[in-house]
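Below: the structure, in structure tokens.
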Amino acid sequence: MQPITHVVAGTDFSAEADLAVNRAALISKALGAKLHLIHVVHPLDLYAGSELSFSFQTHYQQAQQEIVKTQIDTLAFQLREQFNIAVEAATRIGRAHTEISQYADQVNAGLVVTGAQGEHSLLEKLLGSTTSRLMTVSKCSILIVKNKDATTPPYRHVIAAVNFSAGAEKVPALTRTIAPDAQIEGLLIFDTNQEAHMYKAGMNEALLQQYRTQALADADSRLSAIFNEQTLGTKVSRTILSGYPSQSICNHAKTQRADLITIGKNEKSGIENWLLGSVSKGVAYSATCDVLLTN
């Protein structure tokens with residue numbers, strides 16, 4: 001895994017965004033990375049019922065950008081003083097998820113940090129939040145900050161969920177990078193949907209049991225190879241559970257009082273992902289702790 005040298009944090013100056021910015025600053029300091037703050041001004045033509053002239057819209061947006069520039073420059077100065085890190089501030093006009101994603105690409109960011117909630121409007125309620133849309137378009141990993149503790153404590157217990165899809169090996173390495181002192185629990189959910197389909201197809205219980213035993217043994221061997229002490233240190237364990245993946249991951253994290261879940265971002269694509277929703281999306285929406293989505 002390439003070192004993370006640039007971290008991007010989107011802010012709308014809400015309480016949720018402040019928590020995300022503080023977490024991004026702590027991560028940047030720990031990694032020796034440069035922190036980039038970005039605020040995106042929404043064009044008036046994105047709002048339903050906007051019938052103002054183009055010239056007035058342009059004037060309004062430029063005025064808003066100037067106001068925001070003062071706010072974000074002040075925030076950047078405070079973070080430099082508080083955390084002793086390099087901070088760059090930027091403002092853009094456009095759709096927040098698009099502008100943040102493009103900016104992250106421009107600065108070669110390895111991580112985007114965002115709050116779980118921020119500004120709310122009828123448009124966002126209909127189309128989904130900036131964070132949910134950012135999950136779809138971002139080319140780098142995303143940390144969604146949900147913990148409400150303003151002191152931003154370091155991560156202590158992390159659930160690193162894998163399903164052996166392409167890129168699963170990235171999950172443990174990124175987890176250790178973001179949570180260097182945490183206990184990492186490698187988690188595999190043995191999807192009960194697969195067994196249900198086999199049973200409906202006519203497979204008898206004896207064959208199902210044979211399949212289950214072999215599959216669990218294979219899974220444990222592969223988990224052991226991914227979550228090993230040589231690369232992750234001694235604070236690592238492995239767990240295999242049965243159930244529906246996203247629900248089981250969130251329930252287990254809550255039971256274990258985990259403060260972070262790490263999971264691969266790209267499990268499904270295209271129309272299947274849009275209609276059904278991926279496991280990572282389900283976890284991002286339902287988890288009560290922070291969620292780190294690896295690319």
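For reference, positions follow the sequence shown, starting with 1.
Annotation: the span from Thr11 atom OG1 to Ile100 atom CD1 amounts to 9.5 Å, rounded to 0.5 Å. The distance from the OG atom of Ser101 to the CD atom of Gln106 is 10.0 Å, given to the nearest 0.5 Å. Here the straight-line distance linking atom OH of Tyr244 with atom SG of Cys250 works out to 16.0 Å at 0.5 Å rounding. Between atom OG1 of residue Thr177 and atom CD of residue Gln2 there is a gap of 12.0 Å, rounded to the nearest 0.5 Å. The line from CZ of Arg23 to CG of Asp149 is 9.0 Å long, rounded to the nearest 0.5 Å. In this structure, the separation between OG1 on Thr288 and CG on Asn251 is 9.5 Å, given to the nearest 0.5 Å.
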*Assess whether side chain to side chain contact (heavy atoms under 4.5 Å, CB included) is satisfied between Arg238 and Asp220, documenting all intermediate values.*
CA-CA 8 Å; Arg238 304 186 306 277; Asp220 186 61; 3.8 Å; yes
*Tell me, with the steps shown, if Leu26 and Lys29 meet side chain to side chain contact (heavy atoms under 4.5 Å, CB included).*
CA-CA 5 Å; Leu26 283 171; Lys29 184 175 180 63; 5.6 Å; no
*After noting the C-alpha distance and the side-chain angles of Thr74 and Gln78, does the key distance pass the side chain to side chain contact (heavy atoms under 4.5 Å, CB included) rule?*
CA-CA 6 Å; Thr74 300; Gln78 293 171 344; 3.8 Å; yes
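Residues Ala89 and Ile72 come closest through the heavy atom pair CB-CG2, 3.8 Å. Smallest separation of non-hydrogen atoms from Leu79 and Ala25: CD2-CB, 4.2 Å. Between Ala109 and Val8, the shortest heavy-atom distance links the atoms CB-CG2, 3.7 Å. Residue Val40 comes nearest to Gly94 through the heavy atom pair CG1-O, 3.3 Å, listed as atom of the first residue, atom of the second, then distance. The two residues Ala160 and Thr175 have their closest heavy-atom pair at CB-OG1, 4.1 Å. Between Thr114 and Ala20, the shortest heavy-atom distance links the atoms C-CB, 3.6 Å.
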Could you pull out all donor-acceptor pairs under 3.5 Å where a side-chain atom in residues 137-145 meets a protein atom, sequence neighbours excluded?
from   : atom 1 : to     : atom 2 : distance (Å)
Ser138 : OG     : Cys140 : N      : 3.3
Ser138 : OG     : Cys140 : O      : 3.0
Ser141 : OG     : Asn295 : N      : 3.3

Under 3.5 Å, side-chain donor or acceptor atoms of residues 178-189 against the rest of the protein: list the pairs with distances, not counting sequence neighbours.
from   : atom 1 : to     : atom 2 : distance (Å)
Glu185 : OE1    : His157 : NE2    : 3.1
Glu185 : OE1    : His252 : NE2    : 3.4
Glu185 : OE2    : Thr239 : OG1    : 2.6
Glu185 : OE2    : His252 : NE2    : 2.7

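Inter-residue side-chain proximity for Leu241 and Ser248 is flagged as unmet; no heavy-atom pair is nearer than 4.5 Å. When side chains are defined from C-beta on, Tyr285 counts as touching Ser132, because their heavy atoms get closer than 4.5 Å. Under the 4.5 Å side-chain criterion, counting only non-hydrogen atoms from C-beta, Ser286 is not in contact with Gln247. For the pair Ser280 and Leu293, the minimum side-chain heavy-atom distance is below 4.5 Å. Under the 4.5 Å side-chain criterion, counting only non-hydrogen atoms from C-beta, Asn147 is not in contact with Leu19. With a 4.5 Å cut-off on side-chain heavy atoms, Ile263 and Thr294 do not count as touching. When side chains are defined from C-beta on, Val158 does not count as touching Arg176, because their heavy atoms never get closer than 4.5 Å. Taking 4.5 Å as the limit, some side-chain heavy atom of Val21 sits within range of a side-chain heavy atom of Leu37.
A perpendicular orientation is assigned to the rings of His36 and Tyr103, their planes being inclined by more than 60° (bins at 30° and 60°).
With sequence neighbours left out, Asp218 forms a salt bridge (charged side-chain N to carboxylate O under 4.0 Å, His left out) with no residue at all. Residues passing the ring pair (Phe, Tyr, Trp, His ring centres under 6.0 Å) test with His97, sequence neighbours excluded: none. The side chain to side chain donor-acceptor pair (under 3.5 Å) search around Asp105 returns none, not counting sequence neighbours. Thr91 is linked by a side chain to side chain donor-acceptor pair (under 3.5 Å) to Gln65, counting only residues two or more places apart in sequence or in another chain. With sequence neighbours excluded, the residues that form a side chain to side chain donor-acceptor pair (under 3.5 Å) with Glu88 are Lys34. Partners of Asn22 by side chain to side chain donor-acceptor pair (under 3.5 Å), not counting sequence neighbours: none found. Not counting sequence neighbours, Phe83 has no partner by the ring pair (Phe, Tyr, Trp, His ring centres under 6.0 Å) test. Not counting sequence neighbours, the partners of Phe13 by the ring pair (Phe, Tyr, Trp, His ring centres under 6.0 Å) test are His39. When the salt bridge (charged side-chain N to carboxylate O under 4.0 Å, His left out) test is applied to Arg92, no partner is found at least two apart in sequence or on another chain.
Legend: salt bridge (Lys or Arg N to Asp or Glu O under 4.0 Å) pairs involving residues 245-256, not counting sequence neighbours: none detected.
Of the possible polar contacts, none joining the Thr262 side chain to the Leu174 backbone as a donor-acceptor pair under 3.5 Å is found. Using modelled atom types, no side-chain atom of Asp290 and backbone atom of Leu260 make a donor-acceptor pair closer than 3.5 Å.
The side chain to side chain contact (heavy atoms under 4.5 Å, CB included) test with Ile27 is passed by exactly one of Ile85, Leu111, Leu35: Leu111.
Figure legend: Arg222 and Phe227 shown without cation-pi pairing, the cationic atom not lying both under 6.0 angstrom from the six-membered ring centre and within 45 degrees of its axis.
Val7 and Phe77 are not part of a single hydrophobic cluster, where members link through side-chain heavy atoms under 4.5 Å apart.
Other residues, nucleotides and ligands contribute at most 12 non-hydrogen atoms within 6.0 Å of the CG atom of Asn84.
Asn228 and Thr231 share a side-chain donor-acceptor pair at under 3.5 Å.
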